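Below: the structure, in structure tokens.
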Amino acid sequence: MDLLNALIAFLNYVFIPGVAYGSQLALGALGVTLVYGILRFSNFAHGDTMAMGAMATVLMTWLFQSWGISLGPLPTALLALPFGILFAIGLVLFTDRAVYKFYRVKKAKPVILVIVSLGITFIYNGVTRFIIGTNDQNFFDGERFIISAREFKKATGLAEGLSFKTTQGITIVTAIIVVALLFWFLNRTRAGKSMRAYSDNEDLALLSGINPERVVMITWIIVATLATIAGVLYGLDKSFKPFVYFQLLLPIFASAIVGGLGNPLGAIAGGFVIAFSEVTITYAWKKVLVYMMPESLEPSGLVQLLSTDYKFAVSFVILLIVLLFKPTGLFKGQSV
Amino acid sequence: MSETMRNTLLFGVVACLIIFVGFQQSWNSALLIIAMGLISSIMALGVNLQWGFAGLFNVGIMGFVALGGLAAVLVGMPPTPGGFAAGGLGVISALVLGAGTIVAVIQIMRRMQGGWLRTLVVIVTLIAGFFIFRAVLDPSVARIEEINPAQYGYLGGLGLPVLIAWPVGGLFAAAAAWVIGKTALGLRSDYLAIATLGIAEIIIAILKNEDWLTRGVKNVIGVPRPVPFEIDLQGNPAFVERATSLGMTPVEASTLWVKVLYIALFGIVLLILMWMAQRALHSPWGRMLRAIRDNEVAAEAMGKDVKARHLQVFILGSAICGIAGAMMTSMDGQLTPGTYQPLRFTFLIWVMVIVGGSGNNLGSVLGGFLIWFLWVQVEPMGLWLMNVITSGMAEGSALKAHLIDAAAHMRLLTMGLVLLLVLRFSPRGLIPER
């Protein structure tokens, strides 16, 4: 029984949050890695693209809520999500036209593009704050839990409750659908294949008649979609706050690099590696250990390796380790 | 127009802008802009050393600046009574143990042959080292934080003159830069960017959470200053007399005089650093750096040690940012870890370097002043603009209130636009590299 309780506590506090957070990071890292693979620079504006897309979704959600439209047990944000995605697509395509294209045509060094993306970060961040302010925004509605801790305890008679939030369920399901669609697109469709060809060898792709501008446009559309979905899922799960998305850059980049920049499969793996390391290292294990160990050996402290304030440090250390020993990432990325 | 003329004109324009603020708003804010402009220029000088000379992309300036601020506290603040006796030795031995673990791991990596045995030994050493570190650190920290938490709750500093903190801040930043440089230099340029972004976040997290070191978000206030306090000046009869003879109230005169003193101190530091940077730029070392920046492969083929030079210049540039950080904290008189924002302390400095002209020291100084001026003045300008835009709207409308509230966020927008416009239309900046 104790072992079962320990397992439930582990699932409740480590596994489920880890999977949800990992899915969010993976979606974010996929966007970064695609930009890197096709446009060949690290897009620092990705976090704020997420914020912009999420912001549009939040505003649409409020509009729907004021009209009294809802999805019943599901959050209304899901209904607003397509509009947020459209907004984000329009935004990044406009940005690409107005800003990035000039440097692409000039074949500027990647680091110049990184600086340019910093400028875009500034602007997106400013616009987000301008429109929605800097406060926490709650836009979640509908049923809170798929399984609530109390019902679970009653049903099973265990001391430890298992709660499974709707947002976590939605995050996981959406992530699976999106990733499946993305890989189907990349591997099966003509456009996806041309993207991969362009990413592998630009000159060869150009010679075989692939239109680079089309590839770039499709990439931006996919990136905006991924960013908005990741941003909205994160906002639903935690809360929407413009600052947070900028800080998410570090774990997202760490995920992309750990997996191997430019490699979509790696980005997903990297997202989960980073998420689980963060959660396991910052979780206070006392609760689980109390169930597992005989009473005499019970830990006196919290058995928390690092306080949650240092979760960035975890992704950073993993990043450093990977850079030191395997700079191309776990799955072979493009770069050295 | 000759180059000297052009440069003089540019600096003249910035000077006029600041003088305009002096007449229009107050001389106090004009002097404050100059003082902060000097500090910003020093930071920009450091970044210019890394980016302009060597092409290294550092987005962790905030972290190095914050380390300088930490130095101001650790050197300048008086020690907490009983603090060191309570846990000082414990904390220091824990830190030594932690460093020892890392050294041990590095030695194991070097001495042992690769394979599963080495991996196992490394992992065991790391885990054991971590638990020993925490076991020694945690009780000492708890004891330190127990001492009168409302006032102290931290170790305090050494109680030395705060001017010493300025070079010490540089040393702190240099040490952090060494760690980052060792790991991330020599990889792609983007990796250095991400690694520096990370270290900056971590340094801020440490300052925010390690209460025994910095009191965390409770802030350290009353960091000693290298110049007299306004209140002491107002109590000084000679000063009051001189102020009245100039037709100023003692309060006004004292605030102005303190700022003038700061400006003099900062100006000296800027001049020294500027002289050194200029000498470096025109020395064989500077030419070698620029050769490496422009063509790494060719420079390497000529027998230049690219990695060592990169590490060197990265450390030097970061140290300059650390010095500026210590200066800033000693002027503010407080260390508030919560106020370190990457947009303010990293990207703003980048805008200064790019706008001023990367690769040109004079340009960095100009950029530092100009962009700091904009940063301070955009908010009132934005507010004015919003008032004009909304003047036609109904009084009390929600949109009007929102727009006026949002004027505070005009800064980021403007800075981003300035950066993009300069990069697009004048990528070499206002004073281009020669």
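Everything numeric in this text was worked out from a predicted model, so none of it was measured. Below, chains carry the letters A, B, ... as their sequence lines are ordered, and counting in each starts from 1.
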For [X], is it the side chain, the backbone, both or neither that has a heavy atom under 4.5 Å from a heavy atom of chain B?
X	result
A:Ile123	both
A:Ala45	neither
A:Tyr103	side chain
A:Ile257	side chain
A:Ile115	both

How long is the straight-line distance from [atom2] of [Y] back to [atom1] of [X], given to the nearest 0.5 Å?
X	Y	atom1	atom2	answer
B:Glu210	A:Ser307	CD	OG	7.5 Å
A:Lys106	B:Arg424	NZ	CZ	8.5 Å
B:Leu412	A:Asp48	CG	CG	9.5 Å
A:Leu323	B:Leu185	CG	CG	11.5 Å
B:Ile199	A:Phe312	CD1	CZ	14.0 Å
A:Tyr124	B:Leu413	OH	CG	12.0 Å

A:Thr121 versus B:Phe347: any side-chain heavy-atom pair under 4.5 Å?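 Not in contact.
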Beyond-backbone contact of A:Phe44 with B:Ile194, side-chain heavy atoms, under 4.5 angstrom: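 A:Phe44 reaches B:Ile194 side chain to side chain.
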Specify which of [options] makes the most heavy-atom pairs with chain B at under 4.5 Å.
options	answer
A:Val114, A:Val99, A:Leu118	A:Leu118
A:Phe253, A:Phe130, A:Phe246	A:Phe130
A:Ala108, A:Gly126, A:Pro110, A:Pro251	A:Gly126

Which residue out of [options] racks up the most heavy-atom pairs below 4.5 Å with chain A?
options	value
B:Leu419, B:Ile202, B:Leu343, B:Thr346	B:Ile202
B:Ala195, B:Gly198, B:Pro427	B:Gly198
B:Ile180, B:Leu197, B:Thr414, B:Leu420	B:Leu420

Other residues, nucleotides, ligands: >12 heavy atoms within 6.0 Å of [X] [atom1]:
X	atom1	value
A:Lys241	NZ	no
B:Lys307	NZ	no
A:Phe102	CZ	yes
B:Trp178	CH2	no
A:Arg97	CZ	no

Can you see which heavy atom on B:Ile206 is nearest to which on A:Tyr310, and at what distance?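 Between these two residues, the closest heavy atoms are CA-OH, 3.4 Å.
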With sequence neighbours excluded, residues passing salt bridge (charged side-chain N to carboxylate O under 4.0 Å, His left out) with B:Arg411: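 B:Arg411 satisfies salt bridge (charged side-chain N to carboxylate O under 4.0 Å, His left out) with B:Glu379 once adjacent residues are dropped.
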Which residues, numbered in order, of residues 135-143 of chain B come under 4.5 angstrom of chain A by heavy-atom distance?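 Against chain A, none of the residues of residues 135-143 of chain B fall inside the cut-off of heavy atoms under 4.5 Å.
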Select one option (side chain, backbone, both, neither) describing which atoms of [X] are under 4.5 Å from chain A's heavy atoms.
X	result
B:Arg134	side chain
B:Ile127	neither
B:Val418	neither

